[in-house]
Structure formats: structure tokens, C-alpha cells
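Worksheet for the structure shown next.
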Amino acid sequence: MNSRKRTSAFSTRSGVAIIGVASLIALAGCSATSEESSPVSAAGCNDITFLINNMANPWIATLADGAVAQADELGANLTVQDGANDNATQIAQLQQAIANNTSGILIQSIEADGIVAAVQQANAAGIPVVAVNAGVGDGAELVTYVGVDQSDYGVGLAQLAEQALPDGGNVALIQGIVGNPVEVLRTEAIVDTLDKNESIEIIATVTDNWSNDENLAVVQDLLTKYGPGELDVVIAEGPEIYIGAQYAHSIGRDDVKFIAGDFPNQVHAAIEAGEIYGAVLQDGAEQGKAGVAALCNWLEGNEDAVKQPTDFVELPLVTKENLSEYSTSWDW
């Protein structure tokens, strides 16, 4: 993945700690959002823990930034831990948080099913758990899920393809990390939606693992295999497609339209330049803020302020036609 390095940090004003994997073991803008849970005082929100998938992912870093900002506003004591996309690491982090008697846990799961048993341990310990951005599998008890409906996200990507192909055509799908709960739901929704459109066919499914380098290689392979008239749209489940779209434009393959997941500055610029047809916009920072607010409301006894079982944010579809209505502030 495009790396944005994070080091351990501590804010004395809010009590926000950001802990990297090595220190623990060596021991995935402006957008429409959901109605946020009402801000609360942090009297009952001390020593909460946010288990993040992978802080090297710039979008996920914005998720953490939003959580830190909300904790700072509330004066809450928040520890953010980086699982570095390793389920075993995240399990160990969750178990350590339980042992440390954390008041509450926010989790962006790395493997939805793989984390269930550890979340059940938190349930048994009476520690409330809020899932943020990525869900947890069946059998675990959650206060709520805060984030986007990943199935709706996939539908949005498919709808952009249908808009780009009013007369139908051939589509290539570039998945993210195969097996990741976000990838699974997006892929299922894209395939299910386009299967209902008899004029559109998915002719290739590959993965770039949400990596800039891998995306370029995958797009190069697709454009080599499928000449003009053989491939019409490429859907990517992440923002790194701006790299592949720029490459296609540089070699004159403007016959292929590209659709991006997420909306960093690079995708905004590529839509403006006509290199990308459109993107699904989700705001990571707002999800992080809403997650902390929901958990703190719960810990404060303000259960009625917490949307259950889900608190979804909206997912605008951005194309050149409505690009002026949206802005973004993060880089991929």
C-alpha cells in the first residue's frame, strides 16, 4: 500500500496515544455524513481503545485522525493501536486491551470472522465494543456499527459503471485485499448489481491489494490483454486506480473509463482531468468521529443517542458533472 508512516505519539491535552505495531508486539474531505451521535462529556469515556487495521493506509490514517479529533474535543483518553493488516496482531491487541481494563473498544476489523472469538472475550468482560468502518462476524456482540454500508458502496461503484456505459459494454473489476471484509461486501454487491444488467459483462476480475504499484501493474496487464473495443470500464475498489488511469491516458487508451473507490486529492484531480469517470466518496474522518461519539455516549449511559444496530454515513457518487459540490483534504 502507499505508505504514510506514523510514529508513536501522545497528546497531553486529550490523552490520545497512537501506538505502532512494533511497540505493541515487541511488544482502507468534505462529504455528506450521517447524523452524528451527540457530543458528550468524557467522564465515563476514560481509557478507550481503537484497534485500527493498518495506519500505513492513508485513508485509514484519516479514520484515526477523526477519532483522535473527537476524543480531543471530549477530553477522552484514547489509545489507537495499529494492527498492520495482521489478524493475529489485532487479536493480541484486543486481548491486551481487555487485560488493561479498557473502558470501551472501537475496532476496524482486519478479518470479520477471525476477530469474533476475541470480541466475545470483551463481551464476557463487560467491555462495550463499537465496530467502525469494517464489521465483525456473527456471534460477537456490538453496541453498533459506525461507517458505511459496504454493500451500498459496491452498488455505487456498479451504478457508476452503468452510468458510464448506457449502451452496455465490458468491465474489468479490480478487487482490494481478497478476503478483507470490506472487499468481500463490495465485490458481492458489484457482481450482483451488474449481473442484473444484461448489457454489461464482467470479463476480468483481478486484485491490486489496494496498492499503487500493484494497481499500475494490473492496469498495464489489462490494457495489454484487451485492446480498444474489448474493454470499456475498469472498476477499482480503492483510490489507487488514479495511477492506472493516468497510465492509460498517457498511452492514449482514453477508450477505457475508470471508476474509483474513495476520493483523495489525486482522484479529485483525475476526475477533473477526465482520467477517471467517477468515484464513490466516503469520509474516513467523520466515521472516526462518529465512532468515538457513539462509544462515549454509550459509556455515559446515553444509550438513546446511539443509533443501533447501524449508524451509516452517506456515499455520494462523484463525477465531473457534480465535482464542484465536493472537496477533499487527504492524499493517497
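When a residue number appears, it is its place in the shown sequence, counting from 1.
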Does atom CG of D213 have more than 12 heavy-atom neighbours from other groups under 6.0 Å away? no

Heavy-atom neighbours of E303 CD exceed 12 at 6.0 Å: yes

Quick check: does any side chain N or O of [X] sit under 3.5 Å from a backbone N or O of [Y], one acting as donor and the other as acceptor?
| X | Y | result |
| --- | --- | --- |
| K257 | A164 | yes |
| N322 | E325 | no |
| D82 | A56 | no |
| Q70 | G291 | no |
| N100 | T102 | no |
| S199 | D167 | no |
| E183 | G179 | yes |
| N180 | V182 | yes |
| Q108 | N53 | yes |
| D86 | T89 | yes |

On the 0 to 90° scale, with breaks at 30° and 60°, tag the Y145-F312 ring pair as parallel, tilted or perpendicular. perpendicular

The side chain to side chain donor-acceptor pair (under 3.5 Å) partners of D304 (sequence neighbours excluded) come to none

Grab the two heavy atoms, one from [X] and one from [Y], that are nearest each other, plus how far apart they are.
| X | Y | value |
| --- | --- | --- |
| G139 | V116 | C-CG1, 4.1 Å |
| L231 | D255 | O-OD2, 4.0 Å |
| T310 | K307 | O-CB, 3.6 Å |

N101/D47 under side-chain contact (heavy atoms from CB on, under 4.5 Å): CA gap, chis, key distance, verdict: CA-CA 8 Å; N101 295 314; D47 298 317; over 6 Å; no

Under 4.5 Å between side-chain heavy atoms, hopping through other hydrophobics if needed: is there a path connecting [X] to [Y]?
| X | Y | value |
| --- | --- | --- |
| V80 | V119 | no |
| Y277 | L317 | yes |
| V206 | Y247 | yes |
| L51 | V143 | no |
| V129 | L299 | no |

side-chain hydrogen bond (donor to acceptor under 3.5 Å, both in side chains) evaluation trace for Y153 with D262: CA-CA 10 Å; Y153 193 113; D262 292 348; 2.6 Å; yes

I need the [X] [atom1] to [Y] [atom2] distance, nearest 0.5 Å.
| X | Y | atom1 | atom2 | result |
| --- | --- | --- | --- | --- |
| L63 | I52 | CG | CD1 | 4.5 Å |
| W332 | I241 | CH2 | CD1 | 12.5 Å |
| L223 | R253 | CG | CZ | 5.0 Å |

Without hydrogens or angle criteria, can the side chains of [X] and [Y] be said to hold a donor-acceptor pair below 3.5 Å?
| X | Y | result |
| --- | --- | --- |
| N77 | N46 | no |
| N123 | E141 | no |
| N85 | N54 | no |

Do NZ/NE/NH1/NH2 and the carboxylate oxygens of K289 and E286 come within less than 4.0 Å? yes

For the pair W59 and Q282, evaluate side-chain contact (heavy atoms from CB on, under 4.5 Å) and give the outcome as yes or no after the intermediate values. CA-CA 10 Å; W59 186 90; Q282 68 164 328; 3.4 Å; yes

I'd like to know whether I115 forms a side-chain contact (heavy atoms from CB on, under 4.5 Å) with I107, so could you lay out the CA-CA distance, the side-chain angles of the two residues, the decisive distance to 0.1 Å, and finally the verdict. CA-CA 10 Å; I115 201 67; I107 185 167; 3.6 Å; yes

Would you call [X] and [Y] a side-chain contact if the rule is heavy atoms closer than 4.5 Å?
| X | Y | value |
| --- | --- | --- |
| W298 | V130 | no |
| P128 | L295 | yes |
| V306 | N302 | no |
| P181 | S109 | yes |

For residues 223-240, which residue pairs qualify under side chain to side chain donor-acceptor pair (under 3.5 Å), counting only residues two or more places apart or in two chains? T187-E237

Sole residue of V267, V219, L160, I174 in side chain to side chain contact (heavy atoms under 4.5 Å, CB included) with F258: V219

Could I get the full list of salt bridge (charged side-chain N to carboxylate O under 4.0 Å, His left out) partners for D221, not counting sequence neighbours? none

Applying side-chain contact (heavy atoms from CB on, under 4.5 Å) to Y242 and N212, what does each step give before you reach the verdict? CA-CA 9 Å; Y242 82 89; N212 284 8; 3.6 Å; yes

